[in-house]
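Order of appearance sets the numbers: ligands from 1, and atoms from 1 within every ligand. Only this structure's heavy atoms are used, side chains among them; waters, hydrogens and symmetry mates stay out. Predicted model, so just to flag it, every value in this text is computed and none were measured. The residues of the chain are indexed from 1 along the displayed sequence.
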Amino acid sequence: MRLLVTGGSGFIGRNLLKQVDSSCEVFDFSRSKGHDLRNFKESYDTIREFAPDCIINLASNGGSLHYVSSFAANVIHDNVRMYVNLYEVARLLDKIPFIVNPISNCAYPGNTSIQKEDEWLNGPPHESVHPFANAKRTLYAISRCYAKQYGVKTTNLIFPNAFGVEDSTDPNHTHAMGGMIIRMLKAKRNGDHEFEVWGTGNPVREWIYSEDFAKYLLSSLAMPPLLEPVNIAQGRGYAIKESVEIIKELMGYEGNIVFNTKYKDGDPVKVLDATKFTSIWGDYGFTDHREAIQKTIRYYELCCL
Ligand code: GDP
């Protein structure tokens, strides 16, 4: 199989490339390798030459909710342009590749708690993430249009917030779990008596460990297309204040946790409904949550300290 991974040098891309087996020929189409999906001509020429059977579409311009709102225009511009270019390139190829898109669960309406697939467009995304969320909704719309007119086959999978090995070391580019681990390691190293959580600590998030994220993307290549999105779900959320306590315990940090409410909270609850997921993947499995946090702490100890 010839697999092209857009954004293969990013957080999830690096996890995915480690898991691809040697029977698969892989092309890492990422900016760090000199490729830019925002440039149609360059993308068309390069992708045509590689002639992929499948594309896992990890290219994105995103980050924490603070990053996404500060760079709102860049986020929507870059993402929508990359998605339109990808589908246009794909439909022009001699053999149209199968495309797998991860969609972040921030694309769900901001006022839902348990996120069910058949309700995912029933309201606007939370204001804190609307540039990224609307770009992902647009990606879904593009995939439907290209399926209808050109028969492009797509699988759309909705993922919760990710953390884990290979994530950015910049806490402004990671989700809360990675960000709190990086910042707490620094607080521990500096001997700080206080660790500040951004916001009230009340928002509830479901999490996926990066190695599991990659595993599920790869498993979908062997399945029939799932154009209508399916949650990659465990159906279990953790309040930020609960997560910070787990991190503190596993890291052995002894300072106090304080909540800085000058930072606005994001969406109150984001937990995915697992009904459809279970009917498709059964108990394919996830890394134990505490073990995943421990592995992530070790990763950041090695690359940040
Ligand atoms: P979201 O799921 O799109 O809202 O994005 P995040 O994972 O970035 O944030 C989840 C919640 O955690 C938000 O309410 C943040 O304000 C809060 N939070 C607390 N500490 C941190 C941190 O160190 N980094 C990030 N990114 N968020 C934090």
Side-chain angles (χ1 to χ4, degrees), residues 11-12 60-72 75-76 79 102-115 120 124-137 158-164 167-188 190 192 194-210 213 231-234 236-248 251 253 255-272 289 292-293 296-297 300 304:
F11 168 33
I12 299 303
S60 82
N61 179 359
S64 72
L65 80 175
H66 302 297
Y67 172 83
V68 164
S69 19
S70 307
F71 299 99
V75 166
I76 196 135
N79 288 313
I103 293 177
S104 156
N105 70 338
C106 71
Y108 267 97
N111 60 1
T112 47
S113 43
I114 301 301
Q115 301 176 317
W120 88 289
H126 193 266
E127 183 56 26
S128 61
V129 289
H130 88 92
F132 193 72
N134 281 306
K136 289 295 183 185
R137 287 183 175 200
I158 304 187
F159 285 87
N161 287 9
F163 71 100
D167 201 356
S168 167
T169 55
D170 175 354
N172 203 36
H173 270 273
T174 66
H175 278 294
M177 185 74 82
M180 292 193 296
I181 293 174
I182 300 166
R183 294 191 301 107
M184 196 183 284
L185 278 173
K186 290 185 178 156
K188 188 179 167 194
N190 297 340
D192 296 348
E194 274 190 355
F195 175 82
E196 189 178 85
V197 173
W198 299 348
T200 63
N202 293 330
V204 173
R205 294 289 178 271
E206 177 165 346
W207 294 98
I208 187 163
Y209 180 54
S210 52
F213 197 129
N231 292 335
I232 300 298
Q234 297 171 75
R236 161 77 159 100
Y238 298 81
I240 295 295
K241 56 172 69 151
E242 205 179 336
S243 295
V244 79
E245 287 300 334
I246 302 175
I247 297 168
K248 180 180 170 188
M251 201 183 286
Y253 173 69
N256 293 324
I257 305 296
V258 295
F259 296 90
N260 185 344
T261 51
K262 275 195 253 149
Y263 287 90
K264 273 203 215 141
D265 283 341
D267 198 330
V269 182
K270 290 198 298 185
V271 176
L272 294 162
H289 189 57
I293 294 174
T296 308
I297 293 172
Y300 281 121
C304 285

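Taking only non-hydrogen atoms, the option from Tyr263, Phe132, Trp198 nearest to atom 21 (C) of ligand 1 is Trp198. Ranked by closest heavy atom to atom 28 (C) of ligand 1, the top entry among Ala176, Gly201, Gly62, Pro160 is Ala176.
Distance from atom 23 (O) of ligand 1 to its nearest protein heavy atom, with residue and atom name: Arg183 NH2, 2.8 Å. From the protein, the heavy atom lying nearest to atom 5 (O) of ligand 1 is His175 ND1, 3.4 Å. Of the protein's non-hydrogen atoms, the one nearest atom 14 (O) of ligand 1 is Gly266 N, 3.0 Å. Annotation: atom 4 (O) of ligand 1 to nearest protein heavy atom, Arg205 NH2, 2.9 Å.
Backbone and side-chain nitrogen or oxygen atoms of Lys270 are examined, and one is located within less than 3.5 angstrom of a nitrogen or oxygen of ligand 1.
In this structure, the side chain of Arg137 engages the main chain of Ala107 through a donor-acceptor pair within 3.5 Å. Looking only at distances, a side-chain donor or acceptor of Lys136 sits under 3.5 Å from a matching main-chain atom of Pro102. Although no hydrogens or angles enter the test, the distance criterion places no donor-acceptor pair under 3.5 Å between the side chain of Asp167 and the main chain of Phe163.
Proximity of Thr174 to ligand 1, defined as any heavy-atom pair under 4.0 Å, is confined to the backbone N, CA, C and O atoms.
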Atom pairs and distances, side-chain donor-acceptor, residues 261-272, under 3.5 Å, sequence neighbours left out:
residue	atom	partner	partner atom	Å
Asp265	OD1	Thr200	N	3.0
Asp265	OD1	Thr200	OG1	3.4
Asp265	OD2	Thr200	OG1	2.5

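For Phe71, the ring-ring contact (aromatic ring centres under 6.0 Å, His included) partners at least two apart in sequence or on another chain are Tyr67.
Two rings, from Phe11 and His173, have their centers 6.0 Å or more apart.
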